[in-house]
Amino acid sequence: MKQSKLFYRINKSKGSNIESVSHDLLIRAGYIDQLMAGVYSFLPLGFLVLKNIESIIRKNMLEVGGQELLMPVLQPKENWVKTNRIEAEKEILFRVEGNGGKEYVLGPTHEEVVTPLAKKIIFSYRDLPLSVFQIQDKLRDELRPKSGLLRVKEFWMKDLYSFHANQADLDKYYEVVANSYEKIFKECGLGKITYRTLASGGSFSKYSDEFQMITDAGEDLIYICKKCSLAINKEIKSENPVCPNCKGGEFEEKKAVEVGNIFKLATKYSNPFDLKFTDRDGEDKNVLMGCYGIGLGRLMGAIVEANNDANGIIWPKSVAPFLVHIILLDKTSNGKEIAEKLYQNLQKEDIKVLYDDRQDKSAGERFAESDLIGIPYRVVISEKTLEKKSVEIKERVSNSEKLVKVSSLISYIKKNV
RNA sequence: CUGGGUGUAGCGCAGCUUGGCUAGCGCGCUUGCAUGGGGUGCAAGAGGUCGGAGGUUCAAAUCCUCUCACCCAGACCA
């Protein structure tokens, strides 16, 4: 992508009412735009990041046997009456009326769709276990959206639903997904600061698990055992004066944001929708279910909260909108030719490049913008570097740069990814 | 929903207390000249009717009433 054509606008000044770092940086660097409270557009830069996060999640969900499908945002009110969530969730439920007064719900989640759907497919123990997932838009009328992407009314969510013949099988798969979640957060660069956190559970299981990333921008409090590192949330803490795992140590209190959670739903939804299967012994039994969610936009915000400095965002390579940011300073036709060729050749190697070809901007301004946008590798091409048939390469995470021969730049980058 | 705060140009703000010339500033944008490795300099321009509606007044960004929106804290939250 040539930067002169990129659909974005840098804002030099921070809004006085913006509190969270990720909110400020994502807006200022042109990743997102606020349409109204809790509702954002993803500009090209932001959408590239979102799609990278999506790819990481999709890959891992396919690995645990999830089959990808797509369910509608628009849902019939009747299904929500059946589970009583039309009442239980009424504060966050968007409802719309269609022609003839027909009432709809805009889906905040999809148990009310996936369960009746599964009923058309699952009949026998032979059909179990199975799991399906989607990455799709969710709508929740949050009472108070805040902190940019960390709490919003409309967002992409990955939701996986699993179906099992017995508790042991559900328990086993639940752990498989939990491990997969840890992998996802690690791949997004949050491995060290994201804790699988014990939380109180759904109706039929005692516990659920939240995945909490430590950050001051978070709105949750979690407690980490200093002895065994078990993390628990506030409710569990008030039920357990000592660590329920090691019976030992004190807890350390940390602010955190919930980037994912997993539940054993058991029969909570198979009951009202009468989702049953015929077991080996010929008896009809309730299907047991699990559900597993990750909010993609929130994860993106969390990644920025955890990866930034005074100059801007520092994207982990796995989710960065581009891997390389070429900045051409040399104004001669020779310099331009070399930059263009590098730009083309990098792309041929499937390396994503943002090429700053804006020769009317000062070097300093372009460097400042580059830091703000936060692409992992910055490659500067100037008369100075070209005298040595080289370009200058600098990683966003470091503050030292080095010269690399023009001819070996691609292999250098490939070696370091 | 409760409490607090804010709406003036694309962005960030001043002006409002003590109504009064054609509503200012910085950034950005346009044009020209210079500059060319950390938000470059000089000059000349374009752009707003002050969130919205109503009211008071000779006169309203400024005062009053209503209303909408956004932010922060709390409550709430698979």
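Lettering follows sequence order; numbering is per chain, from 1.
Ranking B:G38, B:G39, B:C72 by closeness to the A:F367 side chain, first place goes to B:G38. Residue A:L143 has its side chain nearest to B:C76 when only B:C72, B:G38, B:C76 are considered. Nearest nucleotide to the side chain of A:R9, out of B:G38, B:G28, B:G39: B:G28.
Distance noted for atom P between B:C42 and B:G52: 36 Å (whole Å). Nucleotides B:U49 and B:A23 place their C1' atoms 8 Å apart, quoted to the nearest Å. Spacing of C1' atoms, B:U6 relative to B:G15, comes out at 16 Å, to the nearest Å. The separation of B:C1 from B:G38, taken at their C1' atoms, amounts to 49 Å, rounded to a whole angstrom. One C1' atom belongs to B:U67, the other to B:A75, and the distance between them is 25 Å to the nearest Å. Distance check on atom C1': B:A60 versus B:U8 gives 14 Å, rounded to whole Å. Here the separation of B:C27 from B:C64, taken at their C1' atoms, is 36 Å to the nearest Å. B:U30 and B:A69 have their C1' atoms separated by 32 Å, with the value rounded to a whole Å.
For the pair A:Q359 CD and B:U35 C1', the computed distance is 14 Å after rounding to whole Å. Rounding to whole angstrom units, CG of residue A:D360 and C1' of B:C29 are separated by 12 Å. Between the P atom of B:A75 and the CD atom of A:E91 lies a distance of 14 Å, rounded to the nearest Å. Rounded to an integer number of Å, the gap from A:I327 CD1 to B:G38 C1' is 10 Å. In this entry the distance linking CZ of A:R151 with C1' of B:A73 reads 15 Å, nearest Å. In this structure, CZ of A:R144 is placed 15 Å from P of B:G4, rounded to the nearest angstrom. Rounded to whole angstrom, the span from the CD atom of A:E219 across to the P atom of B:C72 amounts to 11 Å. Per the geometry, CG belonging to A:D220 stands 12 Å off C1' belonging to B:C76, to the nearest Å.
At distances below 3.5 Å, not a single donor-acceptor pair connects side-chain atoms of A:T385 with backbone N or O atoms of A:I381. Of the possible polar contacts, one joining the A:S318 side chain to the A:E187 backbone as a donor-acceptor pair under 3.5 Å is found. Distance alone, capped at 3.5 Å, places no donor-acceptor pair between the A:D357 side chain and the A:L328 backbone. Formation of a donor-acceptor pair under 3.5 Å by the A:R196 side chain with backbone atoms of A:A178 is not found in this model.
Residues passing the ring pair (Phe, Tyr, Trp, His ring centres under 6.0 Å) test with A:F367: none are found, sequence neighbours excluded.
Nucleotide B:U49 forms no Watson-Crick or G-U wobble pair with any nucleotide shown, as no partner meets the under 3.5 Å limit on both distances. Of the nucleotides present, none pairs with B:U17 by Watson-Crick or G-U wobble criteria with both distances under 3.5 Å. With both pairing distances under 3.5 Å, B:A60 is matched to nothing as a Watson-Crick or G-U wobble pair.
Classified by interplanar angle (parallel below 30°, tilted 30° to 60°, perpendicular above 60°), the ring pair A:Y223/A:F251 is perpendicular. Ring planes of A:W156 and A:F47: perpendicular class, angle over 60° (limits at 30 and 60°).
Annotation: proximity of residues 335-345 of chain A to RNA chain B (heavy atom, distance under 4.0 Å) is found for no residue. Non-hydrogen atoms lying under 4.0 Å from RNA chain B are contributed by nothing in residues 399-410 of chain A. For RNA chain B, the residues of residues 30-44 of chain A within the heavy-atom distance limit of 4.0 Å (strictly under) are A:Q34, A:M36, A:A37, sorted by number.
Sorted by first and then second residue, the salt bridge (charged side-chain N to carboxylate O under 4.0 Å, His left out) pairs with a member in residues 13-24 of chain A read A:D24-A:R28; sequence neighbours excluded. Pairs of residues two or more places apart, or lying in two chains, that qualify as salt bridge (charged side-chain N to carboxylate O under 4.0 Å, His left out) and include a residue from residues 153-169 of chain A are A:K138-A:D159, A:D141-A:K153. For residues 294-316 of chain A, the salt bridge (charged side-chain N to carboxylate O under 4.0 Å, His left out) pairs, not counting sequence neighbours, are A:D309-A:R396. The side-chain hydrogen bond (donor to acceptor under 3.5 Å, both in side chains) contacts involving residues 29-48 of chain A comprise A:H23-A:Y40, A:Y31-A:W315, where partners must be two or more places apart or lie in separate chains. Here salt bridge (charged side-chain N to carboxylate O under 4.0 Å, His left out) pairs that include residues 382-392 of chain A, with residues two or more places apart or in two chains, are A:R378-A:E392.
As judged by a 4.0 angstrom heavy-atom cut-off over every strand, A:A363 is placed among residues touching the sugar-phosphate backbone only. Looking at heavy-atom distances under 4.0 Å, A:R140 makes contact with a base. Within the nucleic acid shown, A:E369 comes within 4.0 Å of at least one base atom, counting heavy atoms only. As judged by a 4.0 angstrom heavy-atom cut-off over every strand, A:T385 is placed among the base-contacting residues. Within 4.0 Å (heavy atoms only), A:D159 reaches no atom of the nucleic acid at all.
Where A:E392 and A:R85 each meet RNA chain B at their nearest nucleotide, the meeting point lying more 5' is that of A:E392. Each of A:K394 and A:S147 was matched to the nucleotide of RNA chain B holding its nearest heavy atom; the match closer to the 5' end belongs to A:K394.
Between the side chains of A:E369 and A:Y8, at least one donor-acceptor pair of N or O atoms lies under 3.5 Å.
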Would you be so kind as to tabulate the donor-acceptor pairs closer than 3.5 Å made by side chains of residues 60-67 of chain A, with sequence neighbours excluded?
unit_1 : atom_1 : unit_2 : atom_2 : d
A:N60  : OD1    : A:K183 : NZ     : 3.3
A:N60  : ND2    : A:I56  : O      : 2.9
A:E63  : OE1    : A:K183 : NZ     : 2.7

Counting only pairs under 3.5 Å, give me each side-chain donor-acceptor contact of residues 285-297 of chain A, with atom names and distances, residues two or more places apart or in other chains.
unit_1 : atom_1 : unit_2 : atom_2 : d
A:K285 : NZ     : A:D279 : OD2    : 2.6
A:K285 : NZ     : A:D281 : OD2    : 3.2
A:N286 : ND2    : A:L275 : O      : 3.4
A:Y292 : OH     : A:S162 : OG     : 2.8

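The side chain of A:R366 contributes no N or O atom lying less than 4.0 Å from OP1 or OP2 of B:G38. Taking side-chain N and O atoms only, A:K361 has a distance below 4.0 Å to OP1 or OP2 of B:C29.
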Polar atoms only, N or O, under 3.5 Å: list the protein pairs with nucleotides 10-15 of chain B and their distances.
unit_1 : atom_1 : unit_2 : atom_2 : d
B:G12  : O4'    : A:S13  : OG     : 3.0
B:C13  : OP1    : A:S16  : N      : 3.1
B:C13  : OP1    : A:S16  : OG     : 2.2

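Note on A:E103 versus A:R95: salt bridge recorded, some NZ/NE/NH1/NH2 to OD/OE distance being below 4.0 Å.
Contact annotation: side chain of A:R358 to base of B:G39, donor-acceptor pair absent below 3.5 Å.
Considering A:K234, A:K255, A:R151 as possible partners of A:E219, the one that fulfils the salt bridge (Lys or Arg N to Asp or Glu O under 4.0 Å) test is A:R151.
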